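What follows is one structure encoded as structure tokens, with my remarks underneath.
The structure presented is a predicted model; accordingly, all values stated were derived computationally and were not measured. Position 1 is the first residue of the sequence, and the numbers go up from there.
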Amino acid sequence: MITREEIANVLDQPVYDGDGNKIGDAKHVFFDDMTGRPEWVSVKTGMFGSTESFVPIRDAALVQDHLEVPYGKDQVKGAPSVDVDAGGHLSETEEHRLYDYYGINWDSVLSEAERTDDDRFAEGPGTAGAAGTAGAAGLAGTAGAAGTAGGRTGREDAMRREGMRGDEGAMRREGMRGDEAMTRSEEQMHIGVERHESGRARLRKYVVTEEVQQTVPVTHEEVRVVREPITDANRDEALAGPEISEAEHEVTLHAERPVVETETVPVERVRMTTEELTENETVRGQVRKERIEAETESFTEGETKNARDDKRRGGK
């Protein structure tokens, strides 16, 4: 559990989940007004750190230079948005929503707070924390006191255990300030982009065999018998041999045939590059806005102030 003395080491430090994934940076720590112990830490998430998510700090641990919480990154980023009033407090309803979201039993939280508050009550006046549910510390970047300053009496502690807030708490729940003005707030949607893997591409080289056909000319020799008449020019050669005899004359014939050889030669180089294409994508979301309207009441002439007050409260 994170102690009050360690709060200064928590603010503005990275926050990781149990699997080592960074969720964001710790910005504010909220104390339980009844126990005085750190109860929540707000974590700035999103591409530009534009969103704050609340995480229970009771089971968190300060590990070296970061805060580690036992909740997944997606679970923290999906936590419900809650409103913090001008005094830096979470309302009981908002805190209920957060406890339900993280699966924390509200009755066990109340029992633990009552045990702690009983111990303080036994010590006498001046030991209880501020009125309210959870107050913010470190709003200026350092660890400060939670909510209003301490020093309430034991009677006020008992009133808190019974769920009584007093006029100041009622004004905070209604969004009222001391000057009787209301603050109107609205959510703004900030859209960023995050880079993720959308696919993979690879070059693969393999061998195929294909038929190649090419026509080449080839020659061959054939025998042709040539008969020449006896003339004065070849008479001497014709009478050179015996008059009548048997003889043979042999000629070697030649022919060409195709001879195939292959050689490997480089023909091209192939590589992959990437290029970024920008396209417009419409993003839709929901934001909440507060509306303030004025209501007027008319009173009949002669009505007393008490009668008017009774009329406002629904009396007759």
Side-chain angles (χ1 to χ4, degrees), residues 9-28 40-57 59-82 97-98 100-104 187-221 253-288:
N9 299 326
V10 171
L11 298 178
D12 295 323
Q13 295 300 318
V15 180
Y16 287 80
D17 64 9
D19 296 328
N21 301 312
K22 182 179 179 181
I23 303 173
D25 297 322
K27 289 302 176 185
H28 304 102
W40 302 95
V41 58
S42 66
V43 183
K44 268 196 176 294
T45 61
M47 181 60 65
F48 302 105
S50 58
T51 304
E52 283 193 43
S53 299
F54 281 73
V55 190
I57 202 173
D59 296 323
L62 192 60
V63 181
Q64 295 179 350
D65 60 346
H66 68 271
L67 184 68
E68 187 172 299
V69 296
Y71 302 99
K73 177 179 180 180
D74 293 338
Q75 184 180 7
V76 173
K77 294 180 71 173
S81 299
V82 298
R97 291 177 59 203
L98 290 171
D100 291 342
Y101 177 77
Y102 285 103
I104 300 175
E187 296 178 340
Q188 294 182 348
M189 187 167 63
H190 301 278
I191 301 175
V193 296
E194 62 179 3
R195 194 176 186 89
H196 66 93
E197 292 186 1
S198 60
R200 294 180 181 272
R202 63 176 62 87
L203 286 176
R204 184 169 62 91
K205 184 170 70 172
Y206 57 96
V207 178
V208 297
T209 302
E210 60 182 20
E211 294 290 336
V212 178
Q213 179 176 306
Q214 185 175 345
T215 301
V216 296
V218 295
T219 62
H220 66 279
E221 295 178 341
L253 303 176
H254 297 85
E256 295 177 341
R257 63 170 176 265
V259 177
V260 177
E261 293 182 355
T262 61
E263 63 174 337
T264 301
V265 295
V267 292
E268 65 177 349
R269 288 180 57 81
V270 181
R271 69 176 183 274
M272 287 195 304
T273 61
T274 61
E275 60 177 338
E276 290 189 353
L277 303 178
T278 301
E279 58 184 15
N280 295 324
E281 184 171 337
T282 302
V283 180
R284 293 181 173 86
Q286 293 182 343
V287 295
R288 297 180 301 167

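Under a 3.5 Å cut-off, the side chain of E256 and the backbone N or O of T219 do form a donor-acceptor pair. No donor-acceptor pair closer than 3.5 Å links the side chain of Y102 to the backbone N or O of Q75. No side-chain donor-acceptor contact under 3.5 Å links S42 to the backbone of E52. A donor-acceptor pair under 3.5 Å is formed between the side chain of D17 and the backbone N or O of G20. A donor-acceptor pair under 3.5 Å is formed between the side chain of R97 and the backbone N or O of S81.
Going from atom CD1 of I23 over to atom OH of Y71 covers 11.0 Å, rounded to the nearest 0.5 Å. The structure places CD1 of I191 at 11.0 Å from CZ of R284, a figure rounded to the nearest 0.5 Å. Atom CD of E68 is separated from atom NE2 of H66 by 5.0 Å, given to the nearest 0.5 angstrom. Put simply, CG on L67 and OH on Y16 are 11.5 Å apart, with the number rounded to the nearest 0.5 Å. To the nearest 0.5 Å, atoms CD (E187) and CZ (R288) are separated by 4.5 Å. In this structure, D25 CG and K44 NZ are separated by 9.5 Å, a value rounded to the nearest 0.5 Å.
Taking all atoms of both residues into account, the shortest heavy-atom contact from V15 to A26 is CG2-N, 3.6 Å. Nearest heavy-atom pair across P80 and Y101 is CD-CG, 3.5 Å. Looking at every heavy atom in both residues, A255 comes nearest to H220 through CB-CB, 3.2 Å.
The shortest side-chain heavy-atom distance between P14 and D65 does not fall under the 4.5 Å cut-off. Considering only heavy atoms from C-beta on, W40 stays 4.5 Å or farther from H28 through its side chain. D12 has its side chain within reach of K27: a pair of non-hydrogen atoms, C-beta onward, lies under 4.5 Å apart. N9 places a side-chain heavy atom less than 4.5 Å from the side chain of L62.
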